[in-house]
J.: 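One structure coming up, written as structure tokens, with questions to follow.
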Amino acid sequence: EAALRELLVPLADVITPNLPEAARLLGGGAGEAPAADDLAGMREQALALLELGPRMVLLKGGHLDDDAASEGRAVDVLAVRGESGAPAWAVELSAPRVPTRNTHGTGCTLSSAIAAHAARAASGEAAAGRPALGDAQLVEAVREGKRFLSRALHDGAAWRLSRTPQAGHGPVDHLSQVLR
């Protein structure tokens with residue numbers, strides 16, 4: 001954990017911890033900090049995670065049991081360090097909560113989709129002679145990644161692929177957008 005916190009996270013453009021993972025990262029080796037239990041706590045923890053060095057933090061609220069979740073929304077908090085000395089800021093990204101047990105691989109799917117959209121934007125920037133993505137392009141890659149995951153959750157929601165379909169967690173539909 002110390003190596004992750006001290007060596008890897010500062011190199012990242014975007015980290016995507018869920019609430020328990022954020023609590024571990026913020027514990028700083030002294031155990032776990034309490035996990036956020038509302039949107040205000042998520043915003044506070046996402047901004048605190050910026051202090052570890054990444055450019056952006058997408059704190060995933062899938063484990064959150066609050067008013068937003070009860071209203072059928074999945075809310076994540078995106079915190080951005082800010083370019084050229086601008087102050088850090090945070091925004092809530094909301095999507096419809098998909099009622100499904102097919103959530104296996106959601107974190108990996110989301111981070112991969114963000115990386116793919118960032119790579120697509122970066123290739124356009126390189127073609128235009130600009131060396132790196134600005135905050136706006138990276139924020140858009142995060143938004144596109146979240147949209148991809150929402151569609152993959154929705155399209156795989158009714159699957160019964162778990163070894164224990166009555167109790168287990170199946171996968172999201174990674175190919176939903178490819179097969180359309």
Side-chain angles (χ1 to χ4, degrees), residues 1 4-5 8-28 32-82 88-119 121 133 135 137-157 168-174 176-177:
E1 285 181 30
L4 179 70
R5 187 176 12 270
L8 189 58
V9 169
L11 299 175
D13 281 328
V14 182
I15 62 170
T16 61
N18 60 34
L19 299 178
E21 291 165 344
R24 292 293 295 256
L25 285 170
L26 291 171
E32 234 175 87
D37 59 3
D38 60 19
L39 287 173
M42 284 180 65
R43 181 179 290 267
E44 182 180 309
Q45 286 193 346
L47 289 166
L49 285 166
L50 286 176
E51 298 300 317
L52 298 178
R55 235 172 111 183
M56 297 182 188
V57 174
L58 180 64
L59 183 53
K60 301 177 300 189
H63 293 94
L64 193 62
D65 184 26
D66 73 342
D67 292 337
S70 65
E71 293 175 7
R73 306 296 298 169
V75 182
D76 301 331
V77 172
L78 177 64
V80 179
R81 190 174 346 139
W89 53 276
V91 63
E92 294 171 10
L93 302 179
S94 178
R97 185 175 289 275
V98 178
T100 183
R101 284 195 323 263
N102 294 334
T103 58
H104 189 74
T106 54
C108 297
T109 300
L110 176 60
S111 61
S112 296
I114 292 168
H117 284 285
L133 290 182
D135 283 350
Q137 292 100 338
L138 197 51
V139 167
E140 186 56 26
V142 170
R143 289 181 188 278
E144 285 297 323
K146 187 164 170 72
R147 281 192 273 281
F148 180 93
L149 177 60
S150 292
R151 288 189 305 264
L153 279 162
H154 176 270
D155 291 353
H169 293 277
V172 301
D173 184 356
H174 295 98
S176 68
Q177 285 109 101

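Because only heavy atoms are used, hydrogens play no part in the values below, and waters and symmetry mates are left out as well, while side chains stay in. This chain uses plain numbering: 1 for the first residue, then up along the sequence.
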J.: So do the side chains of Val98 and Ser150 get within less than 4.5 Å of each other, counting heavy atoms only?
T.: no
J.: For Gly156, is there any backbone N or O sitting under 3.5 Å from a side-chain donor or acceptor partner on Asp173?
T.: no
J.: Kindly determine whether Leu64 and Leu39 satisfy side-chain contact (heavy atoms from CB on, under 4.5 Å), including the steps that lead there.
T.: CA-CA 8 Å; Leu64 193 62; Leu39 287 173; 4.0 Å; yes
J.: Tell me, do Val172 and Thr100 make a side-chain contact under 4.5 Å, heavy atoms counted?
T.: no
J.: Looking at Ile15, Val139, Leu49, Ile114, which one forms a side chain to side chain contact (heavy atoms under 4.5 Å, CB included) with Met56?
T.: Val139
J.: If you compare all heavy atoms of Asn102 against all heavy atoms of Pro171, which two are closest, and at what distance to 0.1 Å?
T.: CB-O, 3.3 Å
J.: Using side-chain contact (heavy atoms from CB on, under 4.5 Å), reason through Leu110 and Leu58 one step at a time and then give a plain yes or no.
T.: CA-CA 10 Å; Leu110 176 60; Leu58 180 64; 3.7 Å; yes
J.: For the residue pair Ser94 and Arg73, confirm or rule out a side-chain donor-acceptor distance under 3.5 Å.
T.: yes
J.: Please report the closest heavy-atom contact between Ala48 and Leu26, naming both atoms and the distance.
T.: CB-CD2, 3.9 Å
J.: Taking all non-hydrogen atoms of both residues into account, name the closest pair between Thr16 and Ser111 and its distance.
T.: OG1-CB, 3.9 Å
J.: Please collect all side chain to side chain donor-acceptor pair (under 3.5 Å) contacts where either partner lies in residues 41-60, sequence neighbours excluded, each pair once.
T.: Arg55-Asp135
J.: Quick check: does any side chain N or O of Arg81 sit under 3.5 Å from a backbone N or O of Pro54, one acting as donor and the other as acceptor?
T.: yes
J.: List for me each residue that meets side chain to side chain contact (heavy atoms under 4.5 Å, CB included) alongside Ser112, sequence neighbours excluded, and say none if there are none.
T.: none
